[in-house]
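Below: the structure, in structure tokens.
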Amino acid sequence: MTSAIFELSSRVAQRYWAVALVVAGWQIWVSAAGLSSIVLPGPLAVLTDFVGDPLSYAEPAGRTFAVAVVGLLFGFVLGSALAVLSWSSRLLNGLLTPLGLIFTSIPVVTLIPIIARLLGYDVRTVVAIVALICFFPAFVYVGSGLRALPPGSDDLFRVFGGSRRQCFLRLVLPSSIPNLMLAFRLTAPEAVLAAVVAEFLMGTDGLGHMFRKAAGEFDTERALATSLIATITSVACFGLALAAERRVLRRWT
Amino acid sequence: MPDTPAIRIDRVSKTFRLGDGRELTALTDIDLSIAPGEFVALLGPSGCGKSTILRLVAALEEATAGRITIEGRAPAELCQSHRLGVAFQDHALLPWLDIEANVSLPFHLAGRSVDGARVKDMIALVGLAGFEKARPKQLSGGMRQRASIARALILEPEVLLLDEPFGALDAVTRRQMNVELQRIWSRHRITTLLVTHSVDEALFLADRVVVMSGRPGRVILDLPAPFARPRAPAVMREPVFHDLVDRLTEALEPEGAHP
Amino acid sequence: MTSARSQSFVLGLIGVVLFLIAWEVIGTYRLAGLTWPPLSTVLVFLTTPAKLPLFERATAASFASVGIGYVCGGAGGLVLALVSHLIAPVRPGLDRLVAVIHAIPSIALAPLLIVLASADATPPVISGLGVGYVFYVAATSGLATAGAAHRDLFVVLGASRLSTALRLDLPSALPAIASAMKLSVPIAFIGAIIGEWFGASRGLGLLIVSAMQNFQIPLLWSAVLITAVASLSMFALFSLLERLVQERMR
Ligand SMILES: Nc1ncnc2c1ncn2[C@@H]1O[C@H](COP(=O)(O)OP(=O)(O)O)[C@@H](O)[C@H]1O
Ligand SMILES: [Mg+2]
């Protein structure tokens, strides 16, 4: 019993010593320098603020999470659909591949203000932004999964006769699903971060808005507690995506 | 052999623990001594543990039972004092270095300054003069093996370990490499352990040929190769050579195939 | 160039041109409303001599942030990766620390950074953290790619841990590091721009966000275009370098 506890705590210590060191250093520095909590509160003060009123964080966190998930799904459906479409036509593939590459090599986040202006300051805009940011990884990863298939897909369709559906189910889906799920896992935490940034910029709703408000009122404890919740939401999204990836891979491969 | 052995393999066994918890006994009770300056060839069917013996002598594996000593010391000590030379079937040349830099590598790893003249001589000795600045991928398989042998010899090691160094070469190139290795070795007379599955190669190169049985590996035959050095390829046409080839080939056949 | 390659090049070029034409047409006919200007309007705006100093100042400030963040973040990520490679017991802890820092939304780091450093130091620091993450992840996996035969060789030749790291592991990791150099380009720009959104006194990010708030549509698109083209060019340059390294190292 004690040895099990010892083993567990030594494992935790091995993994989290650096994080603990940074947090402890932060607390010690704040205490030693006697910083006021407006300038920079210590981790204990941030935690106290959160524990004092956890429910006030739950609603914005839930909204941000929902927006991120909906945007992520939209982006992935559109990105994968376009990838499949461009795989099925050599012409479309040739036209779209370089564009996809261009968009992965530019900071897509800088497009947020443009989208905000185009669509208006609205929750739907946040969803669109998240979808846009998730679109490109889905397009690129699914595309590269499909390209691992034998080339000359047009002929393949013909060989399979009229049954395009069969071909899609037997060939296309299994070969692109591992890459799709990998992109899903890598993008899920980014979706939350993109949602937070969009909310922050437009001041609509959710954690980004809460953060902006708290920072504007110099309520630094609340601002940092909001970041903490955003971080946890993002990590949770990663965990969920990882679980989904394992499940789907077990089913499909 | 009156001398104390250079390499002493003292009733060594080796068991591998496999990933799924099962165990695989690769060697049981191997007992072998190699005299200073002696060239011993290890013959045996594939999977009988020849490479494992070499890896034990090179301190790349730990014996499960028994002891291996090189001049009375543990093999790892020989590595740490940079007194061991190896050439394996995989030439293991660094692809980003040219041939000269690859052959000089042991100097750097031993913390010694590079003896440029010696590197040049060694490259010439293995027949690669003019290819100093070539990269491994620009060379043929045989040339890469020459480079890897030059690298093994560059620090004048006390012990040389060769694991099927010519295993990936075609028959003609292989014959040619054997002749050259014989010439180079006759000049240095380094204690050498060669693993091979070619009977001709073993007899032509070695002072003594040791045959192992199939898994778990045991020594079943230990024959001297009584040919004067330096040896010319004509040795391989002598009747004595043929007799020995027959005896070794017979020993290599699966048990029960002969009375 | 083979015919297949030149064909795909031409197709790709047509794709890009079609995209630019679509941009122009949508803007000209107001298909997406007043906030989507035609490409030509943006280009004219960008090349207006009177606007030049404004763009120059903002671009210089942002590029300085990107450059500092890229170099310091990349070097930091590499050094950290080497440390965790050389001292195996610290590896799990460093892995977690890097992952946790990466999971913190960058805008949430800003208030911390403003206190710890200053508002103008925030863009390069956020940029550097993003770049450092990519370098750390790529380098730690790249440092482990050397083959078993090479590893055995170094053991037999009695190489020390340090010289194995420098003469075997680091060269083997170079292709992965070159990929990180390429992949972290857009991340460096994102970090700098987001850092500026939070409260820098100059830079393209500031220009973008103030243009958004004040409905300066051509200015908004111009600033975004500059950022995108800069990131794209740097990315293309490093793709070339990546290919060179991959060719040289294998
Ligand atoms: N690291 C290892 N783990 C598990 N089994 C091994 C390992 N190395 C060798 N073996 C097994 O030990 C036996 C002997 O291998 P080896 O020495 O390579 O044979 P040889 O060189 O004579 O062909 C083989 O059955 C091989 O599968
Ligand atoms: Mg072998």
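In what follows, chains are A, B, ... by sequence order, proteins preceding strands, each numbered from 1.
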Can you tell me which of [options] forms the most heavy-atom pairs within a distance under 4.5 Å of chain C?
options                          : answer
H108(B), R83(B), K137(B)         : H108(B)
P95(B), G85(B), C79(B), S81(B)   : C79(B)
Q80(B), R151(B), H91(B), R135(B) : R135(B)

Legend entry - Side-chain donor or acceptor of E196(C) paired with backbone N/O of L204(C) under 3.5 Å: yes
Legend entry - Under 3.5 Å donor-acceptor, D10(B) side chain and R67(B) backbone: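 No, the answer is negative, given that no donor and acceptor are paired below the 3.5 Å cut-off.
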Between [X] and chain B, which part of the residue has a heavy atom less than 4.5 Å away: side chain, backbone, both or neither?
X       : answer
R248(C) : both
L153(C) : side chain
S172(C) : both
L174(C) : neither

Legend entry - D90(B) bridged to R144(B) by N-O distance under 4.0 Å: no
Legend entry - Salt-bridge present (D163(B), R55(B); N to O < 4.0 Å):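 Answer for the salt bridge query: no.
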Inset, instruction - Measure the spacing between CG of L181(B) and CD1 of I149(B) and express it to the nearest 0.5 Å. - result: 5.0 Å
Legend entry - Rounded distance (nearest 0.5 Å) linking atom CD1 of I68(B) with atom CG of L32(B): 9.5 Å
Inset, instruction - Evaluate the ring planes of H102(C) and Y133(C), with Trp represented by its six-membered ring, and classify them as parallel (under 30°), tilted (30 to 60°) or perpendicular (over 60°). - result: parallel
Legend entry - L60(B) portion near chain C, given a 4.5 angstrom heavy-atom threshold: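 Contact with chain C is through the side chain of L60(B) alone.
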Legend entry - Contact class of L161(B) relative to chain C, heavy atoms under 4.5 angstrom: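 No part of it gets close to chain C.
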